[in-house]
Amino acid sequence: MSSLMPGKQQHTPNTLRSGLGLLNWATNIFTTSVGSKLLVAITGILLSGFVIIHLIGNLKLFGGPDKINAYAEFLKELGPLLWAARIALLTVLLIHLTLVIRLKSRSAWARPQGYYYTKTIQASQSSRTMLMTGIVIFLFILFHLAHYTFGLIEKKEVTDPVTGATVMKNYTELKDAKGRHDVYQMVIHGFTSPVISIFYLLCQLVLMVHLSHGLQSVFQTLGLNSPRIQPTIYWIAHLIALLIVLGNSAIVVAVLFGYVK
Ligand code: HEM
């Protein structure tokens with residue numbers, strides 16, 4: 001009887017409330033657990049898409065300075081479009097983070113007594129792993145932006161072609177012979193430091209754990225999971241995560257060991 005009472009239904013957070021209009025729909029998506037999980041899955045797919053596109057762009061490093069610097073110049077020339085993409089990416093990342101933290105605190109609030117069943121314990125460990133690895137990846141992104149986007153971590157000694165004096169330059173100020181931002185030199189210089197390279201490689205391991213768990217959850221949230229196809233989903237998720245992490249690590253290792261210089 002009680003579950004049919006309208007007053008009770010209003011306080012049930014894990015079902016989509018019916019309602020008319022875009023505003024109601026958007027409110028439902030953001031305020032219910034089902035809607036939040038769906039958004040976490042969709043934003044997770046978008047972020048994984050960014051990581052794949054970013055990797056494909058970075059692999060141009062193996063094609064030599066001209067390839068990757070031309071690619072960086074092409075992106076820069078997109079102007080307002082590039083800024084729109086950056087703002088969209090930041091929004092997607094913030095939605096993903098905020099909803100995960102809110103879902104996690106909601107489930108902790110709803111279950112103060114602890115667990116009785118192994119399956120629930122496993123699900124909880126998995127979500128705790130996702131939260132911890134997610135936080136590490138977020139901190140990695142902050143470091144990565146400081147490193148390569150803002151050039152705040154290290155400076156490089158450059159000889160001024162006019163005065164002959166040695167000046168310390170921020171990575172982001174490096175220019176190639178065509179006057180373009182020298183992303184090639186920037187990445188080479190960045191990964192010749194073993195401490196920074198090892199830090200990047202460790203973060204790749206964390207990214208591997210996060211992506212392989214996360215991609216499996218995406219299939220589950222989108223209802224694309226069943227006991228029959230579970231092993232296939234497991235392998236697909238691990239394969240995608242492995243390829244991304246191997247690609248990123250190949251860049252770091254190639255520079256660190258001087259295969260690319
Ligand atoms: C080890 C492999 C990686 C390399 C070599 C690399 C390289 C770079 C470089 C050179 C830039 C600056 C581009 C420019 O200013 O022209 C950059 C920006 C960025 N990277 Fe990475 N990256 C790597 C991995 C990652 C990963 C794993 C993520 C995310 C989890 C990531 C997220 C970003 C973001 C968000 C930006 C800023 C994009 C923008 O402002 O346009 N990167 N990366």
Side-chain angles (χ1 to χ4, degrees), residues 43-44 46-65 67-69 71-72 75 86 89-90 92-94 96-97 100-101 104 125-158 168-174 181-215 237-261:
T43 49
L46 293 173
L47 291 170
S48 307
F50 164 76
V51 173
I52 293 172
I53 293 170
H54 189 47
L55 168 64
I56 294 171
N58 288 336
L59 287 175
K60 293 190 192 300
L61 190 92
F62 291 109
K67 277 260 158 51
I68 192 156
N69 292 353
Y71 175 65
L75 289 180
R86 281 174 166 162
L89 182 66
L90 183 65
V92 165
L93 179 66
L94 291 180
H96 189 80
L97 268 174
V100 164
I101 291 170
K104 183 80 191 152
Q125 275 167 352
S126 169
S127 85
R128 202 172 307 133
T129 306
M130 287 305 284
L131 187 67
M132 294 315 293
T133 52
I135 291 169
V136 173
I137 293 167
F138 181 66
L139 295 177
F140 162 77
I141 293 174
L142 294 184
F143 176 84
H144 185 52
L145 291 179
H147 189 205
Y148 282 145
T149 301
F150 302 112
L152 299 175
I153 306 295
E154 284 181 308
K155 291 199 172 209
K156 183 180 165 59
E157 262 187 18
V158 182
M168 296 300 280
K169 284 218 167 187
N170 179 319
Y171 284 176
T172 53
E173 294 169 322
L174 299 176
H181 173 32
D182 200 344
V183 176
Y184 187 85
Q185 278 303 321
M186 178 169 86
V187 174
I188 301 288
H189 197 73
F191 293 139
T192 37
S193 154
V195 175
I196 291 185
S197 296
I198 290 168
F199 170 72
Y200 266 77
L201 291 174
L202 291 176
C203 290
Q204 296 311 305
L205 291 180
V206 176
L207 184 64
M208 170 84 202
V209 175
H210 192 81
L211 283 178
S212 51
H213 271 74
L215 290 170
H238 279 75
L239 187 66
I240 295 174
L242 185 68
L243 288 177
I244 293 173
V245 164
L246 280 182
N248 281 337
S249 306
I251 297 172
V252 182
V253 170
V255 176
L256 184 61
F257 290 99
Y259 299 117
V260 176
K261 49 188 163 198

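Residue numbers run from 1 in the order of the sequence given. Computed from a predicted structure; not experimentally measured.
Counting only heavy atoms from C-beta outward, the side chains of L47 and H96 approach each other to under 4.5 Å. The closest side-chain heavy-atom distance from F138 to L97 is below 4.5 Å. Side-chain atoms of K104 and I101, non-hydrogen and from C-beta on, never get closer than 4.5 Å to each other. Counting only heavy atoms from C-beta outward, the side chains of L243 and I52 never approach each other to under 4.5 Å. H213 is not listed as a side-chain neighbour of T133, based on a closest heavy-atom distance of 4.5 Å or more.
Here the OG1 atom belonging to T43 is positioned 11.0 Å from the CG atom belonging to L89, to the nearest 0.5 angstrom. With values rounded to the nearest 0.5 angstrom, Q204 atom CD is found 9.5 Å from L211 atom CG. If you take CD1 on I240 and CD1 on I244, they are separated by 7.0 Å, rounding to the nearest 0.5 Å. Atoms CD and CE, on E154 and M168 in that order, are 9.0 Å from each other to the nearest 0.5 Å. Atom CE in M186 sits 10.5 Å away from atom CG in L61 (nearest 0.5 Å). Rounding to the nearest 0.5 Å places CG of L205 at 7.0 Å from OG of S249.
Side-chain N or O atoms of D182 include none that pairs as donor or acceptor with a backbone N or O of L174 at under 3.5 Å. Judged purely by atom type and a 3.5 angstrom limit, S193 has no side-chain atom pairing as donor or acceptor with the backbone of G190.
Nearest approach of V187 to Y148, heavy atoms of both residues: O-OH, 3.3 Å. The shortest heavy-atom contact between I188 and V255 is O-CG1, 3.3 Å. What you find for G247 and L55 is that their closest heavy atoms are C-CD1, 3.5 Å. Minimum interatomic distance between V183 and A72 (heavy atoms only, all atoms of both residues): CG2-CB, 3.4 Å. Here the closest heavy-atom approach between residue F191 and residue S197 is recorded as O-OG, 2.8 Å. Here the closest non-hydrogen pair linking G214 and M130 is CA-CE, 3.4 Å.
In this structure, Y184 has no ring pair (Phe, Tyr, Trp, His ring centres under 6.0 Å) partners at least two apart in sequence or on a different chain. The side chain to side chain contact (heavy atoms under 4.5 Å, CB included) check on A237 picks up L215, Q216, with sequence neighbours excluded.
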| request: Let me see the working for N248 and V252 under side-chain contact (heavy atoms from CB on, under 4.5 Å), right down to the final yes or no. | output: CA-CA 7 Å; N248 281 337; V252 182; 5.8 Å; no
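For an aromatic pair to be called close, the ring centres must be under 6.0 Å apart, and F62 with Y259 fails this. Taking the six-membered ring for Trp, H147 and Y200 have ring centres closer than 6.0 Å.
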